[in-house]
Amino acid sequence: MPDTPPSIVIFGASGDLTQRKLIPALFNQSKKGRLPVGTRIVGYARRPYSHDEFRSLLREALGKFAPKAFDSAVWDKFAANLYYQKGDLSTAEDFVALEAILKSIEGGPANRLYYLATAPEYYSAVCGYLGAAGMTREEEGARRIIIEKPFGTDGASADALNQEVHAAFHERQVYRIDHYLGKETAQNILFFRFANTIFEPIWNRNYIFSVQITVAEDVDVGHRAGYYDHAGVLRDMFQNHILQLLTLVAMEPPASFTADSIRNEKVKVLQAIRPIPLESVAQNVVRAQYRKYRDAEGVAPNSETPTYVAMRLHIDNWRWQGVPFYLRSGKALATKLSEIIIQFRRPPHVMFNFPEGHRPISNILAIRIQPDEGIHLRFDAKVPDTAQETRSVDMEFHFRNSFGDGGLPDAYERLILDALNGDASLFTRSDEIEAAWKLMDPILQGLASPHAPPLAFYEAGTWGPAEADAFIARDNRQWLVGGMHQ
Ligand code: BG6
């Protein structure tokens, strides 16, 4: 493999993702000295920028989206390796021209990373044109591609897209991104479970009563209403981020920390999840919309698109048999919070003389993905100076306190660097995507059928519809936040 600096080509370079996430991530990695010296970043889009105009656009973006990270000395070096090539995403000659420019900039063999930061409808075309222009062949260095979500809108479209991608790239060249996997707190789930000994022996049906995964957002759909109204929360959050978190919590220990052994275990979890048949969707899923959603520009006036879903899943294997997994996510909720709650079983026998009606708590392990990233363990302690009174207390770990309050790096920093280095551990393999859609498809079909539960509504700024509380209460459980009843 060449030891010349790699090239990163961003398709959709004038868009929001590039400015908000990709360039700040690349800039930060360059500042930390982790981006190979001389790495070239080539933006490709339709607008007619000169190299210098493109540099100014990105300079402004950094000022806006990463003002604290900005450093003019680093910027000067970084900007010297920024290039722009005007081109269309569906014109074969433009790709041929791009290849020529890349070759002239590279001046010899070089590894390349293509980044698909375009609208999803262009994914297959871009892969096709890259293939046709000979830009996916690896004689002159690695050719890898990062593909953003959403990867398909259902199983059939994801399969078709996988086939189109595979017509141009081998699977080992493909990096399907799910930025949740790049979050430090998501990565830490595997370290928490498998770099320690005390949790794994109790991480199963014998000790765990239920698992809850909440991914709540306080923002509403905002300017993305047009996209969102077609996607809804199941495609936007469940098929990818939430199922990924679930696999990290539920997977068996891989034998080694390599991309394929980790992803093999994740696929096994997805395949062991009991599908929710279309006819029983109403018993297992709550769907809701925040009031005023239909007033947003781009949303159909009679839209039934859920902005909130809660569901119960079961994993049919030895470890998890009988342990319900409750998942919920929504927009316009009370706060932004992503958290995994492991609720343990209550003590089997209580010898204390607790007051009438008092039930000992179940221990709760709360893995806070964001914000105030950390892990909390709740247990009962004796209240001092009482005979037999107990109260729940919290044993806390905050990343901020233990590792400094510089803040955690953005997920994209790690992910782009991993793809550049050929490490696919934190990316989604094609069979994972397919398994995730297999679970989502019948739910999506059920929600669009007469078997669907009625669409519930909730006020923006609340924890979602009363129906979701009633749903979990029917199982004698409650939604928990930070180990507390919400
Ligand atoms: C994206 C979704 O994948 O994730 C957005 O499309 C959502 O709708 C976002 O807001 C949430 O990401 P984060 O990192 O802010 O939790």
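Sequential numbering from 1 along the given sequence is applied to the chain's residues. Whatever order the structure lists them in is the order used to number ligands and atoms, beginning at 1. Quick caveat: nothing in here was measured; it's all calculated off a predicted structure.
- Side-chain contact annotation: Glu148 with Tyr115, donor-acceptor N/O pair under 3.5 Å present.
- When the heavy-atom distances from atom 15 (O) of ligand 1 to Met237, Lys21, Gln370, Lys336 are ranked, the shortest goes to Lys336.
- A distance-only check finds a donor-acceptor pair linking the side chain of Thr18 to the backbone of Gly12 [under 3.5 Å].
- The nearest heavy-atom contact from the protein to atom 16 (O) of ligand 1 is Tyr180 OH, 2.5 Å.
- For ligand 1, the atoms closer than 4.0 angstrom to any heavy atom of Lys331 are 5 (C), 7 (C), 8 (O), 10 (O).
- Looking at ligand 1, you won't find any N or O of Ser338 less than 3.5 Å from one of its N or O atoms.
- Atoms of ligand 1 found under 4.0 Å from any heavy atom of Asp236 (numbered from 1 in listed order, with element): 2 (C), 5 (C), 6 (O), 8 (O).
- By the 3.5 Å distance cut-off applied to N or O atoms, Tyr228 is not counted among the residues near ligand 1.
- Considering only non-hydrogen protein atoms, atom 12 (O) of ligand 1 sits nearest to His179 NE2, 3.1 Å.
- Comment: Glu171 engages Arg176 in a salt bridge, judged by a side-chain N to carboxylate O separation of less than 4.0 angstrom.
- Under the 4.0 Å criterion applied to side-chain N and carboxylate O atoms, Asp236 and Lys149 are assigned as salt-bridge partners.
- Inter-residue side-chain proximity for Asp154 and Met440 is flagged as unmet; no heavy-atom pair is nearer than 4.5 Å.
- Salt bridge status for Glu200 with Arg193: present, with a side-chain N to carboxylate O gap under 4.0 Å.
- In this structure, atom 10 (O) of ligand 1 lies nearest to the protein heavy atom Glu217 OE2, 2.5 Å.
- Within the listing of ligand 1, atoms 1 (C), 2 (C), 3 (O), 6 (O) sit less than 4.0 angstrom from a heavy atom of Lys149.
- Under a 4.0 Å criterion applied to the non-hydrogen atoms of Lys183, ligand 1 contributes the atoms 13 (P), 14 (O), 16 (O).
- Within 6.0 Å of the CZ atom in Arg172, the count of heavy atoms belonging to other residues, nucleotides or ligands exceeds 12.
- Lys266 and Gln244 form a side-chain donor-acceptor contact under 3.5 Å, judged by distance and modelled atom types alone.
- The shortest N/O to N/O separation between His241 and ligand 1 falls below 3.5 Å.
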